[in-house]
Q: 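Take a look at the following structure, please.
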Amino acid sequence: MTTTATAHRPDQSGTAPLRVWAPAARTVELDVAGERTPMRAEDGGWWASAPVAAGTDYAFRLDGGDPRPDPRSPWQPAGVHGPSRAFDPTEHAWSDGDWAGRSSLGAVIYELHVGTFTPEGTLDAAVERLDHLAALGVDMVELMPVAAFPGQRGWGYDGVALYAVHEAYGGPAALQRFVDAAHARGLAVCLDVVYNHLGPSGNYLGEFGPYFTDRHETPWGAAVNLDGPDAGPVRAFIVDNALRWMRDFHIDALRLDAVHALIDDSERHILAELSDAVATLEASVGRPLSLIAESDLNDAVMVTPTDQGGRGMTAQWDDDVHHALHAFLTGERHGYYVSFGPAQVLRKALTDVFVHDGEFSEFRDQVWGAPVPADVDTRRFVVFASDHDQVGNRAVGDRPTRVLDGGQLAISAAVVLLSPYTPMLFMGEEWGARTPFQYFTDHTEPELGAAVSEGRAREFGSHGWAELYGGEIEVPDPQALVTFEESRLDWAEPDSPDHARLLTWYRDLVALRRAEPDVDSGRRAAVDVAEDELWLVMDRGSLAVVVNASDAPQDVPVPREATEVLLAWEPATAGGRTVRLPGHGVAVVRLA
């Protein structure tokens with residue numbers, strides 16, 4: 001099926017004519033403080049009017065109906081149901097003229113949720129913690145979605161005003177200030193964006209045009225219309241959104257949520273179109289721009305260049321490494337961990353990228369994935385020991401700190417940070433945060449709020465959580481304010497001895513990663529494991545990560561003579577071709 005894209009339209013910046021796509025409407029009016037002005041029809045179902053000044057509230061009325069916010073609204077200060085407000089992104093006086101940019105390849109990425117990262121829960125408050133991230137050695141800060149969503153608090157994946165910045169976080173100007181401040185500290189910024197669906201409350205796109213289609217289904221219902229004869233402006237809506245963040249807000253990378261739900265049967269996939277458009281912008285602005293896909297397809301086509309028939313993403317998330325490492329250290333085997341756990345499975349994840357790469361998946365009950373070609377840069381795969389999903393989608397939002405001791409947390413950090421992949425940390429992980437990260441919402445419609453609360457409780461009633469937690473548990477109510485408040489980071493924790501020690505370990509690992517070219521090389525690692533699965537060695541050329549997974553001391557063989565212990569969680573001894581480690585011990589050694 002062929003889809004013809006339309007020319008991309010300018011943003012509603014306050015200086016350009018206002019435009020809106022409403023192909024089925026007979027009339028469209030611009031509503032400013034109750035004063036209605038007819039808009040003029042243009043080709044392709046577009047309607048236009050004179051610009052409105054920055055700071056002006058406005059809405060559109062289709063065929064005399066109720067006022068609706070602009071589908072490309074840059075600002076929703078009164079919430080997602082209220083009028084839009086014009087915003088001029090050129091009013092910000094940028095101070096990052098010397099910023100050369102940073103690709104996501106090999107970067108140490110740090111994922112955070114603006115609302116719970118600080119007590120204030122704003123972008124301006126997050127700026128005050130950027131020095132902590134710079135001292136940790138972070139290269140790129142990844143913000144969970146900031147597009148406007150219903151209510152005050154939420155994860156952001158139910159956003160409905162995709163061009164706006166959530167008002168509770170500070171609005172669009174605050175995002176510009178945050179990016180500017182990050183660049184001043186040498187930190188790139190990645191923004192999590194959601195193009196595969198919109199939330200259930202405040203989604204007015206369908207009233208304007210065929211943004212959705214019943215030709216395809218997704219876990220959220222009707223799919224975004226990417227491949228119909230009328231899909232051109234929908235595709236432009238997505239591409240323009242991405243370019244706007246990178247151009248007007250100086251964002252360095254975008255993380256694209258669940259791209260496997262972007263169902264597109266057209267000759268040119270929307271991701272390939274997006275990749276090529278970003279490449280053009282990259283050449284124009286003269287700094288690296290990255291696209292990171294979340295995909296569960298386990299297929300390197302995502303990171304294959306578009307001129308080779310691929311999607312052209314810079315990188316993609318690799319959940320298999322998380323699953324293999326988490327199951328190996330915790331012993332969990334419920335749900336999607338059923339195929340993971342043994343050291344040999346972790347070895348495969350660390351050497352072959354995906355565990356399921358054309359092999360049978362017990363959880364999916366089918367063959368899944370495809371092998372990753374040997375010449376693919378391993379830094380194109382983002383790996384982690386924790387992220388918002390893997391913590392927040394547990395019954396009580398508990399982190400690995402609930403069950404892992406200090407040594408096991410140190411093992412986890414060393415494997416991720418010194419792996420052949422691009423590492424990502426989840427906020428607070430670096431000091432072993434014990435605050436949960438729970439699923440929380442703030443739907444103001446009583447029926448929707450009740451449905452979310454009941455659905456969450458029902459979902460976790462059948463996952464074997466009582467067995468995992470050692471007894472019956474009460475699933476936190478997403479709508480309860482306390483669920484959100486309990487999920488805030490506790491910034492007093494890093495000052496306590498145990499947390500401070502782990503933070504130092506993370507800083508040392510990141511510094512070592514930067515100092516050792518073999519680590520950030522894009523080449524695959526060699527991994528060996530014991531037959532009894534109680535030790536693991538990850539060979540990175542000039543160094544090796546040596547792990548004792550048992551709770552008793554043991555001598556772990558290494559592939560070449562270990563000449564020096566560079567880092568160790570507990571005292572370790574290198575002697576020839578062995579490294580002596582205590583129980584739950586980990587060391588990084590220099591190899592001859």
Side-chain angles (χ1 to χ4, degrees), residues 102-111 137 139-140 142 188 190 253 255 259 275 288 290-305 308 310-326 328 340 343-359 369-385 387 412-425 509-510 512-529 536-545 547 559 588 591:
R102 176 64 161 94
S103 168
S104 67
L105 294 179
V108 176
I109 303 174
Y110 188 96
E111 184 188 32
D139 297 304
M140 179 176 285
E142 179 175 317
C190 175
R255 181 264 189 188
V259 297
S275 175
S290 302
L291 294 172
I292 305 171
E294 182 200 17
S295 169
D296 75 350
L297 301 179
N298 286 18
D299 194 330
V301 69
M302 282 293 165
V303 294
T304 300
Q308 298 176 25
R311 304 289 187 252
M313 301 291 99
T314 313
Q316 69 178 92
W317 277 21
D318 181 1
D319 281 338
D320 280 15
V321 171
H322 167 270
H323 297 349
L325 181 60
H326 182 87
F328 174 69
F340 300 89
Q344 290 288 354
V345 175
L346 178 56
R347 175 188 178 278
K348 181 172 176 56
L350 293 173
T351 56
D352 296 341
V353 182
F354 300 129
V355 171
H356 298 118
D357 55 1
E359 297 184 358
V372 176
D375 62 346
V376 175
D377 189 329
T378 56
R379 297 173 300 172
R380 294 195 179 279
F381 302 94
V382 177
V383 303
F384 37 85
D387 73 352
S412 180
V415 170
V416 169
L417 284 167
L418 300 182
S419 76
Y421 310 117
T422 290
M424 186 179 76
L425 312 178
L509 286 170
V510 174
L512 183 63
R513 176 183 177 83
R514 285 182 169 173
E516 295 293 331
D518 282 346
V519 175
D520 190 19
S521 66
R523 298 191 301 269
R524 298 197 183 195
V527 178
D528 194 15
V529 298
L536 176 146
V537 177
M538 183 169 61
D539 181 354
R540 300 307 317 279
S542 60
L543 55 79
V545 178
V547 171
V588 185
L591 297 178

Q: Using side-chain contact (heavy atoms from CB on, under 4.5 Å), reason through Val355 and His323 one step at a time and then give a plain yes or no.
A: CA-CA 9 Å; Val355 171; His323 297 349; over 6 Å; no
Q: Applying side chain to side chain donor-acceptor pair (under 3.5 Å), can you list everything that pairs with Asp319, at least two apart in sequence or on another chain?
A: none
Q: Do the side chain of Asp539 and the main chain of Ala526 share a donor and acceptor less than 3.5 angstrom apart?
A: no
Q: I need the minimum non-hydrogen distance between Ser103 and Pro288, along with the two atoms involved.
A: N-CB, 3.7 Å
Q: What residues, two or more places apart in sequence or in another chain, satisfy ring-ring contact (aromatic ring centres under 6.0 Å, His included) together with His356?
A: Phe340
Q: Could I get the full list of side-chain contact (heavy atoms from CB on, under 4.5 Å) partners for Val301, not counting sequence neighbours?
A: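 Partners of Val301 under the side-chain contact (heavy atoms from CB on, under 4.5 Å) test: Asp299.
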Q: For Arg379, give me all partners under salt bridge (charged side-chain N to carboxylate O under 4.0 Å, His left out), at least two apart in sequence or on another chain.
A: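 With sequence neighbours excluded, Arg379 shows a salt bridge (charged side-chain N to carboxylate O under 4.0 Å, His left out) to Asp377, Asp520, given in chain and number order.
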Q: Quick one: side chain to side chain donor-acceptor pair (under 3.5 Å) partners of Asp387, sequence neighbours excluded?
A: none
Q: Who passes side chain to side chain donor-acceptor pair (under 3.5 Å) against Arg540, sequence neighbours left out?
A: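 Arg540 satisfies side chain to side chain donor-acceptor pair (under 3.5 Å) with no other residue.
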Q: Return yes if a side-chain donor-acceptor contact under 3.5 Å exists between Asp357 and Asn298, otherwise no.
A: no
Q: Going by the rule salt bridge (charged side-chain N to carboxylate O under 4.0 Å, His left out), which residues pair with Asp528 if we only count those two or more places apart in sequence or in a different chain?
A: none
Q: Minimum heavy-atom separation for Pro423 to Val416, with atom names?
A: CB-O, 3.6 Å
Q: Can you name the closest pair of heavy atoms from Ser275 and Arg311 and give their distance?
A: CB-O, 3.5 Å
Q: So that I can tick it off, tell me whether Asp352 and Arg347 are bridged by a salt bridge, with the cut-off set at under 4.0 angstrom between side-chain N and carboxylate O.
A: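 Salt bridge between Arg347 and Asp352, a charged N being under 4.0 Å from a carboxylate O: no.
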Q: Rounded at 0.5 Å granularity, tell me how far CZ in Arg523 sits from OG1 in Thr378.
A: 9.0 Å
Q: Is there a side-chain contact between Val527 and Val537, using heavy atoms and a 4.5 Å cut-off?
A: no
Q: With side-chain contact (heavy atoms from CB on, under 4.5 Å) as the criterion, how do His322 and Val383 come out once you've worked through the C-alpha distance, each side chain's angles and the decisive distance to 0.1 Å?
A: CA-CA 7 Å; His322 167 270; Val383 303; over 6 Å; no
Q: For Asp318, give me all partners under side chain to side chain donor-acceptor pair (under 3.5 Å), at least two apart in sequence or on another chain.
A: none
Q: Please report the interatomic distance CG(Leu346) to CE(Met538), rounded to the nearest 0.5 Å.
A: 9.0 Å
Q: What's the shortest heavy-atom distance between Leu591 and Pro559, and which atoms?
A: CD1-CG, 4.1 Å
Q: Looking only at non-hydrogen atoms, find the nearest pair between Gly137 and Val510 and report the distance.
A: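 Where Gly137 meets Val510 most closely, the heavy atoms are O-CG1, 3.4 Å.
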Q: Would you please name every residue forming a side-chain contact (heavy atoms from CB on, under 4.5 Å) with Ala315, sequence neighbours left out?
A: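 side-chain contact (heavy atoms from CB on, under 4.5 Å) check on Ala315 returns Ser104, Ile292, Val382.
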Q: Taking the side chain as C-beta and beyond, is there a heavy-atom pair between Val303 and Thr314 under 4.5 Å?
A: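 They are not in contact (no side-chain heavy atoms under 4.5 Å apart), so the answer is no.
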Q: Supply the atom-to-atom distance Asp320 CG to Leu350 CG, rounded to the nearest 0.5 angstrom.
A: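 Rounded to the nearest 0.5 Å, the CG-CG separation comes to 11.0 Å.
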Q: Going by heavy atoms in the side chains, are Tyr421 and Val321 under 4.5 Å from each other?
A: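 They are in side-chain contact.
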Q: Applying side-chain contact (heavy atoms from CB on, under 4.5 Å) to Val372 and Arg524, what does each step give before you reach the verdict?
A: CA-CA 11 Å; Val372 176; Arg524 298 197 183 195; 3.6 Å; yes
Q: Got a sec, which pairs hit salt bridge (charged side-chain N to carboxylate O under 4.0 Å, His left out) with one end in residues 102-111, sequence neighbours left out?
A: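 As it turns out, the salt bridge (charged side-chain N to carboxylate O under 4.0 Å, His left out) pairs with a partner in residues 102-111, which skip direct neighbours, are Arg102-Asp139.
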Q: Which residues pass the ring-ring contact (aromatic ring centres under 6.0 Å, His included) test with Phe381, not counting sequence neighbours?
A: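 For Phe381, the residues satisfying ring-ring contact (aromatic ring centres under 6.0 Å, His included) (neighbours in sequence not counted) are Phe354.
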Q: What distance separates Arg380 CZ from Thr304 OG1, expressed to the nearest 0.5 Å?
A: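 Spacing of CZ (Arg380) from OG1 (Thr304) equals 9.0 Å.
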Q: What heavy-atom pair brings Leu325 and Ala385 nearest, and what distance separates the two atoms?
A: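 Scanning both residues completely, I find the closest heavy atoms to be CD2-CB, 4.3 Å.
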Q: Taking atom OH of Tyr110 and atom SG of Cys190, what is their separation to the nearest 0.5 Å?
A: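 SG of Cys190 is found 15.0 Å from OH of Tyr110.
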Q: For Arg255, what residues pass the salt bridge (charged side-chain N to carboxylate O under 4.0 Å, His left out) criterion, not counting sequence neighbours?
A: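 Result, salt bridge (charged side-chain N to carboxylate O under 4.0 Å, His left out) vs Arg255: Asp192, Asp257, Glu294.
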Q: Carefully, step by step, assess Leu512 and Leu418 under the rule side-chain contact (heavy atoms from CB on, under 4.5 Å).
A: CA-CA 9 Å; Leu512 183 63; Leu418 300 182; 4.2 Å; yes
